[in-house]
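Structure first, commentary second.
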Amino acid sequence: MELTPKITEKTWDHKLEEKVLEKWRGSDIYKFDEGRPDIFVMDTPPPYPSGRPWHIGAAAHYSQIDMIARAHRMLGSSVLFPIGIDRNGIAVEAYAEKKLGISMHNTPRQQFTEHCRTVLDELEAEMLGIMRSLGMSCDFDNYYRTDSVEHRSLTQKTFIELWKNGMIIEDTRPNNYCTKCCTIIADAEVVYEDLPTQLVYMRFGVKEGGEIVIASTRPELLAACQVVIVNPDDEANRKFVGKTAVVPIYGKEVKIVAHPQAKSDFGSGAAMICSYGDFSDVRLFREMKLKEVVMLDVRGKLTQSAGDYAGLSVFSAREKIIADMEAQGIVLKKETIVHRTPVCERSKTPIEIVPMKEFYLKQMDFVDKMRRFGETMKFYPESARQLLLDWVDSVAIDWPISRRRFYATEIPIWYCKSCNKAHLPEPGKYYQPWKDRAPFEKCGCGGTEFVPEERTFDTWMDSSITPLMISRYGKDDKFFKRVYPNSIRVQGKDIVRTWLYYSMLRCYQVTGSPPWGSAWVMGYVVDEKGKKMSKSKGNVVDPMPILEAHGSDNFRFWSATEAGLGSDYRFSEQKLQGSSKFLTKLWNVSRFISSFPQPERAALTETDKWIVEELARTIIDCKKAYREHNFFQAANTLRDFVWNVFANHYMEMVKARAYGEGDFTEEEKRAAWYTLHMCLKMSLQLLAPVTPFITDFVYGSLYSKKGESIHSMTFPSAKLTTYDGQESRAEVTRKILEFNSKVWNEKKAAGLSLNEGMKSEVPPDLEKFGKDLRAMHKMKD
RNA sequence: GGGUCUGUAGUCUAACGGUUAGGACAUCGCUCUCACACAGCGGAGAACAGGGUUCAAUUCCCUGCAGACCCACCA
């Protein structure tokens, strides 16, 4: 009979991915059905559009999230795989300001928010486009936006409910203040950088006679100095305790006291305590009941308290005051030191500590509870647990949630103009106090005029309720009960202390139970040299040209096989190219097998039984790995089976038999056909979550009778039967590989081509494969 | 300063208390061999250092070193 392959092209052309996408479009293979007995609900990260290009790491991140969804579908669950876009907050505003060359505070609010929406739409389109072409199987039709009326009203609803429960406090407390973003930020948004700074040694006069030298990195805060401390054991400075120091420039008198906080071996041994240089100042002010001097205004400029320096920025005030003091001989010396400086995570500006009246969400009362969740939740990988616990343990103050920004969810409050009482509207609607009419007629005091709250929420107030959003909290009770708590949270390790922690806190406060039972945490994609990618370093890689050049399946396969669960991995185009050779292999294996008919059943030979056993082991290992969200292991196991065992050895062994050459019966030939197809079909299924395009294409060409997709299948089941244990199977495989390699080497040494005959013998313990082996190597007696 | 994790060839990694330490990419040879030159075959190339436990350690323990990350009030 004539054998014609159904697959003719020599390589997998990734342009075909578009055709496969087309086929998926409009089909409901990924549809979630909450009525199914097994459901798997994923709380997925809504990506944050902070500029162009989108990060290659994000493309890898979402590819892997998709693998989790696809694997669970094929393990038999109906999967809720939502997708949203996070569209609130400072990074968006900053991007709009930069792109359009405008300043938020000098632009009318209405106009500014419209600008933000416009730039967001562009960034969002790019992200969604990449996610689609990656082959993500999420619910694109119902994607959500955190700046939608629906989402913002949910954020406001939870706030109003928490307000009623007494969880919201308004208080004036020293806070992290970013002078660039012009707003308070939470501790979770502060990161530390080692920055060089000047430690200035200044001569303070002592009223009782003499002078004391004070070292400080913050001379611009001299006006706010309220006390000088020295260590009680400090030989040199002890004599000043109880005396009065005179602050240079300002001539103000402050006490010199003994305090263990002052380290005698740092600087001059004497420190000035100002409101507020850092958080140790905050603590000392509280401890000594000092009166704070507000040095900064909301624009980050020095206040009238700074005297001649009022109106200057922190940095220029520092330069000027140092110069002035040097002119007056007050500066003894200057040292450059490297200082672990708290900076704003987004703008990288050193944060200032400024007392401001803000809203806080109580979190200190929940620390124990959060710790317990962190201890009992399942983490993939386990090592991610510590990231959360470390953060929970360091939570020290309530969460400041109000921001002086525009593009975010508005705090839904109006104040009575006459008595200043705060009025909150009914939950359920979206309120914009700065532009809406107050939904109240009259205050209890009789007042009828209301002043809107102008501030907004921290964006984490919005994104921390994605589990509620996707579970239709407050909208569809039946659905909510079915899917909440969700099965799993998937996210990157960089947002453990924000998104992971805040989601636990918020969802627990609202519902009384944690939002999920497990969390999958992915590492960073770093550059070729192992450095973190960042826009400032200029080593970010744009995913679009990469995907266009190599295709999504190649990219996905690279991403799956490159690094283990939770590890960081390096992006290298060369490795991407290399690892994707496997797809060519898979394609050609399919091409070869596609030329043979597919018998319904067959009586297997010993060689067939051997590869079926190897296949069974592969199926069992892969399914186990997929259950643990470990496609690194699944993909590598498959690559090894398909390439190094099935293609290199089994296929070579049965080639003659399958072609009907030599001394084989018709039944034996059919057995080879049958086994080849079975191995290919099942390997495709096992690989489908990782490389959804090529597997669906080949499956569709060879095995799909009614045009159904491979993605509506479940994984094959397998049990180990032919051999009674892993030992003997592995042993047989090793011997076969060894023998084949030996013959190839002998032919090579003899200068023979591989299809020339050679005198050789099959070893006795491989005799049951003898017929195939003799045909394969054209062995002569 | 405290803590967590990790150290296997240029890179990513596997198994293992006794192995010639396995594979993939890159590199170097040789082959246009009938699914695949995006292939096949072959070569070269590795356990961070020191100590301990053990008949035996790359594997277990300790110390040091290096890296990654987390936390912390040295002005």
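In what follows, chains are A, B, ... by sequence order, proteins preceding strands, each numbered from 1. Keep in mind the model is a prediction, meaning the values are calculated, not measured.
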Regarding [X], tell me which of base, sugar-phosphate or nothing describes its non-hydrogen contacts under 4.0 Å with the strands shown.
X	result
Asn636(A)	nothing
Gln633(A)	nothing
Gly523(A)	nothing
Gln261(A)	base
Lys655(A)	base
Asp393(A)	nothing
Trp12(A)	nothing

Under 3.5 Å on both distances, the Watson-Crick or G-U partner of [N]:
N	result
rC60(B)	rG52(B)
rA15(B)	none
rG67(B)	rC5(B)
rA21(B)	none
rG29(B)	rC41(B)

To the nearest Å, give me how far apart [atom1] ([X]) and [atom2] ([N]) are.
X	N	atom1	atom2	answer
Gln574(A)	rU11(B)	CD	P	13 Å
Leu576(A)	rC12(B)	CG	P	16 Å
His649(A)	rC41(B)	NE2	P	7 Å
Glu562(A)	rU11(B)	CD	P	12 Å
Asp278(A)	rC73(B)	CG	C1'	6 Å
Met776(A)	rU33(B)	CE	P	17 Å
Tyr501(A)	rC70(B)	OH	P	18 Å
Leu500(A)	rC70(B)	CG	C1'	14 Å

Choose from [options] the nucleotide whose nearest atom is closest to any side-chain atom of [X].
X	options	answer
Glu738(A)	rA75(B), rC73(B), rU20(B)	rU20(B)
Asn644(A)	rA37(B), rG23(B), rA72(B)	rG23(B)
Phe266(A)	rU11(B), rA75(B), rC41(B)	rA75(B)
His339(A)	rG40(B), rC74(B), rU4(B)	rC74(B)
Arg591(A)	rC36(B), rA72(B), rA75(B)	rC36(B)
Phe632(A)	rC73(B), rU13(B), rG23(B)	rU13(B)
Leu387(A)	rC73(B), rC36(B), rC69(B)	rC69(B)

Distance test, side-chain N/O of [X] to OP1/OP2 of [N], below 4.0 Å:
X	N	answer
Arg570(A)	rU11(B)	no
Ser741(A)	rG42(B)	yes
Lys585(A)	rC36(B)	no
Lys581(A)	rA26(B)	yes
Lys263(A)	rG1(B)	no
Trp391(A)	rU4(B)	no

> Quick one: on RNA chain B, does Ser268(A) or Ala647(A) contact a more 5' nucleotide (nearest heavy atom)?
Replying inline: Ala647(A)
> Nearest nucleotide by nearest heavy atom, which residue falls closer to the 5' end of RNA chain B, Phe592(A) or Asp390(A)?
Replying inline: Phe592(A)
Taking atom [atom1] in both [N] and [M], compute the distance separating them and give it to the nearest angstrom.
N	M	atom1	value
rA75(B)	rC5(B)	C1'	33 Å
rU19(B)	rA56(B)	C1'	13 Å
rG50(B)	rA57(B)	P	14 Å
rU63(B)	rG2(B)	P	14 Å
rC32(B)	rC25(B)	C1'	24 Å
rA15(B)	rC60(B)	P	12 Å
rG7(B)	rA39(B)	C1'	36 Å
rA24(B)	rA46(B)	C1'	15 Å

Centres of the [X] and [Y] rings: under 6.0 Å?
X	Y	value
Trp520(A)	Phe379(A)	no
Tyr380(A)	His629(A)	yes
Phe693(A)	His14(A)	no
Tyr276(A)	Phe285(A)	yes

> Would Gln64(A) and Ser559(A) count as having a side-chain donor-acceptor pair, cut-off 3.5 Å?
Replying inline: yes
>> Please determine whether any donor N or O and acceptor N or O are separated by less than 3.5 Å between the side chain of Ser394(A) and the base of rC71(B).
In response: no
> Is Lys655(A) close enough and on-axis enough to Phe592(A), meaning under 6.0 Å and within 45°, for cation-pi?
Replying inline: yes
>> Is the positively charged end of Lys669(A) above the ring of Phe664(A), judged by distance under 6.0 angstrom from the centroid and angle within 45° of the axis?
In response: no
> In Å and rounded to the nearest 0.5 Å, what is the CD to CG distance from Glu345(A) to Asn176(A)?
Replying inline: 12.0 Å
>> For a quick test of reading the model, state the closest non-hydrogen atom pair linking Thr561(A) to Ala635(A) and the distance between them.
In response: CG2-CB, 3.7 Å
